[in-house]
Amino acid sequence: MGVTCVSQMPVAEGKSVQQTVELLTRKLEMLGAEKQGTFCVDCETYHTAASTLGSQGQTGKLMYVMHNSEYPLSCFALFENGPCLIADTNFDVLMVKLKGFFQSAKASKIETRGTRYQYCDFLVKVGTVTMGPSARGISVEVEYGPCVVASDCWSLLLEFLQSFLGSHTPGAPTVFGNRHDAVYGPADTMVQYMELFNKIRKQQQVPVAGIR
Amino acid sequence: MSGVRAVRISIESACEKQVHEVGLDGTETYLPPLSMSQNLARLAQRIDFSQGSGSEEEEAAGTEGDAQDWPGAGSSADQDDEEGVVKFQPSLWPWDSVRNNLRSALTEMCVLYDVLSIVRDKKFMTLDPVSQDALPPKQNPQTLQLISKKKSLAGAAQILLKGAERLTKSVTENQENKLQRDFNSELLRLRQHWKLRKVGDKILGDLSYRSAGSLFPHHGTFEVIKNTDLDLDKKIPEDYCPLDVQIPSDLEGSAYIKVSIQKQAPDIGDLGTVNLFKRPLPKSKPGSPHWQTKLEAAQNVLLCKEIFAQLSREAVQIKSQIPHIVVKNQIISQPFPSLQLSISLCHSSNDKKSQKSATEKQCPEDHLYVLEHNLHLLIREFHKQTLSSIMMPHPASAPFGHKRMRLSGPQAFDKNEINSLQSSEGLLEKIIKQAKHIFLRSRAAATIDSLASRIEDPQIQAHWSNINDVYESSVKVLITSQGYEQICKSIQLQLNIGVEQIRVVHRDGRVITLSYQEQELQDFLLSQFVTDLKVAARLWFSFLVTNVKTFQKVMFYKITNGVIFVGHSKKFSGIKWKVETLFIKWSCLCLHLALVYYDFFQMFPKEVSRNFDLKCLQINYKYKEEITSKGVLFLKTIIRKCLFSTLKLSTL
């Protein structure tokens with residue numbers, strides 16, 4: 001588990017999502033990265049059931065249950081600003097049992113699927129974010145394997161991102177902000193994905209101006 | 001008593017006179033009381049002389065006193081005597097009986113006195129002792145004690161014997177029971193070794209490894225039956241056992257897994273016809289009952305079947321570059337191109353037919369016992385894994401599987417880590433790897449040995465390490481030259497023989513990887529030989545002193561009377577040299593080198609490697625102008641000949 005940066009690639013002007021993805025992947029292949037299969041990250045939203053809400057009328061908290069194909073035997077559960085739980089895949093079954101307390105928000109399943117590229121120590125994943133049948137955006141994840149401390153390798157990561165993302169290079173992820181010198185873990189990656197998905201969800205429509 | 005007046009007490013005798021007669025007018029006539037002598041007479045008559053001595057003495061005293069009074073009272077007693085006569089008729093007067101008795105006593109005493117006086121004289125009468133009984137009076141008490149002791153001891157012995165008899169009876173009964181071997185006691189013995197359970201009225205046992213972690217679907221149940229065909233009239237045979245065990249029919253006989261490596265390519269026709277040879281059954285422990293050996297043999301058959309089933313399953317499922325062939329009871333695979341590894345299950349039943357055929361072919365030479373043993377170990381390892389605490393979930397609600405696999409979810413392991421956890425190698429792969437290693441090792445050893453025997457100079461030494469891994473062995477090879485041991489310490493090679501390749505670590509740090517080809521190792525070692533010679537040759541150049549003694553030490557030169565003789569080994573026979581010349585370092589060195597190189601090239605005419613450095617020879621040749629003697633010319637021609645031959649060979 002190395003330091004990972006998840007960012008969104010805005011869809012190029014006049015192109016569809018697939019075309020942008022294709023552009024990116026071609027760039028990567030020209031760089032010299034080798035394809036190593038596919039990946040998938042998905043997220044389901046649950047909110048606290050109305051029955052458990054107190055008379056105060058506070059809004060229920062949202063809980064996200066996510067899976068990452070990079071960690072095939074794990075399941076992640078996290079709150080917005082709260083803790084992130086890394087559990088066994090039996091957690092999904094547990095959620096069914098907790099139906100009374102957590103209800104899944106309908107049509108909230110969001111996922112990103114794409115290809116996985118290995119370029120020496122870097123692992124690049126370019127995926128299409130889909131919500132239901134429609135593609136909503138592009139996610140780009142870059143992992144630098146050897147390092148586990150964010151502050152040590154952020155500059156290297158940035159440089160690498162610039163090499164193929166060009167101007168769309170993101171800033172430092174917020175997860176790095178708090179604990180620069182702490183060891184980076186898979187939970188931080190999932191937090192980044194969650195933020196990305198939330199951002200994309202808020203975008204409502206795909207800003208496609210070109211041909212469908 | 002003081003102050004009290006004495007009271008007068010009058011005493012009266014109570015004896016009143018006896019009434020003799022009462023008159024008609026009431027007057028009583030009393031008898032006159034008896035006088036003293038009358039009283040005495042009355043008492044004297046009462047004396048009984050036949051009583052014992054005590055009363056006799058008293059009476060005698062009484063009669064003596066009477067006898068004194070007698071004459072004095074004789075006169076007054078006369079009247080009384082008359083009265084006495086009237087009253088007591090048997091005697092005349094009261095003293096008559098006394099007198100008679102006394103008289104007879106006197107008579108007898110006189111007689112006794114007379115007899116005793118006569119006997120004392122011993123003239124007319126002697127005392128003759130009366131014959132005694134058998135025992136003399138002295139020993140009597142001791143013998144009596146002895147007899148009494150004997151009797152009492154005999155009584156005690158009787159009791160003890162009775163008790164002992166009872167004990168011996170019970171012991172003999174037990175022994176008889178042992179010989180007979182009760183069914184229940186035998187069953188108890190069986191239960192101490194094997195798991196039994198009662199189903200209905202049958203007793204079944206389990207001889208499979210299921211309780212030890214095996215997943216083989218064979219039931220492995222045997223039945224325990226009572227042996228009732230015992231004829232009580234006949235003598236019970238020595239090995240009679242009231243219990244018999246019936247094992248499943250497919251586990252009868254004995255089995256083993258034969259692992260062998262053959263060099264020839266497999267012939268299709270030969271597949272499936274493995275030489276079974278009936279391995280002699282492992283000797284059972286003396287004293288173990290026959291059912292134990294039977295059950296152990298059946299269990300071994302079951303284990304061999306499981307091993308073979310596992311191997312064949314893997315052979316079919318696992319994809320490898322060269323597919324494994326599974327035919328009947330044999331698995332054939334090719335670890336190396338020209339090598340064939342065959343693993344076969346040899347199961348021989350106990351019928352006479354198979355015994356006959358089995359004794360024909362007996363060729364166990366190529367059977368690798370080590371691998372068979374390792375197969376058994378591996379399957380047991382596999383059994384243990386299924387039962388180990390690493391597999392058993394804690395807490396009980398956790399899923400089955402390896403402990404670390406259970407943690408892989410909560411700890412977000414990625415694919416690489418998960419793969420490293422799962423042992424991907426099966427039984428077959430492991431055995432093939434081991435076989436490869438064994439083969440490679442034996443071949444490397446053979447190569448080194450053959451080189452050592454063929455080449456006399458330089459010498460090669462191999463030190464094999466005792467502690468090796470299943471997949472790796474190491475050997476330290478030293479190449480030295482006689483006389484140059486100190487310098488040639490640099491040629492030390494450490495060969496690490498792995499599964500598919502040999503890694504050579506040179507003393508100076510170079511690491512070279514050789515493949516499994518035999519030729520590569522041989523060529524490499526030969527090149528090392530030459531390096532050794534080069535080192536030796538270079539040293540010669542560094543010698544400034546023409547020290548005969550040091551020179552003599554080297555190789556095969558003898559210096560006698562200023563003449564240099566060159567004696568050579570048998571390989572060079574046919575060409576004997578006698579060199580008469582002054583000792584010249586370079587020429588001898590050149591000769592030495594030339595001879596050695598000639599040796600070398602003679603042996604390996606076709607295996608010359610172009611790596612051989614001929615610079616040494618060239619340098620030697622340069623110095624030839626300094627010498628002028630005839631012998632040296634002779635030398636030169638010879639050297640030239642050698643050089644030409646070496647050069648010729650080098651161009652091949």
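Convention: sequence-line order gives letters A, B, ...; per-chain numbering from 1.
Within 6.0 Å of CZ in B/R443 there are more than 12 heavy atoms belonging to other residues, nucleotides or ligands. Counted within 6.0 Å of NE2 on B/H373, heavy atoms from surrounding residues, nucleotides or ligands total 12 or fewer; the atom is thus considered open. Other residues, nucleotides and ligands contribute at most 12 non-hydrogen atoms within 6.0 Å of the CD atom of B/E381. The number of heavy-atom neighbours closer than 6.0 Å to CZ of A/R113, taken from other residues, nucleotides and ligands shown, is 12 or below. By the neighbour-count criterion of 12 heavy atoms within 6.0 Å, atom CG of B/D469 is densely surrounded, having more than that number from other residues, nucleotides or ligands. Residue B/F382 places its CZ atom among 12 or fewer non-hydrogen atoms of other residues, nucleotides or ligands, all under 6.0 Å distant.
In this structure, CG in B/D414 is found 7.5 Å from CD in A/E143, a value given to the nearest 0.5 Å. Taking NZ of B/K415 as the reference point, atom CG of A/L73 lies at 11.0 Å (rounded to 0.5 Å). Separation of atoms CD (B/E417) and OH (A/Y71) is listed at 9.0 Å; rounding is to 0.5 Å.
Nearest heavy-atom pair across B/I418 and A/P72 is CD1-CG, 3.7 Å. Contact between A/S74 and B/S408 at its shortest, heavy atoms only, is OG-O, 3.4 Å. Nearest heavy-atom pair, B/P410 versus A/I86, reported as atom, atom and distance to 0.1 Å: O-CG2, 3.2 Å.
Between chain B and the residues A/D88, A/N68, A/N90, the largest count of heavy-atom pairs under 4.5 Å involves A/D88.
For B/L407, no part lies under 4.5 angstrom from a heavy atom of chain A. Interface residue A/F76: only side-chain heavy atoms are found under 4.5 Å from chain B.
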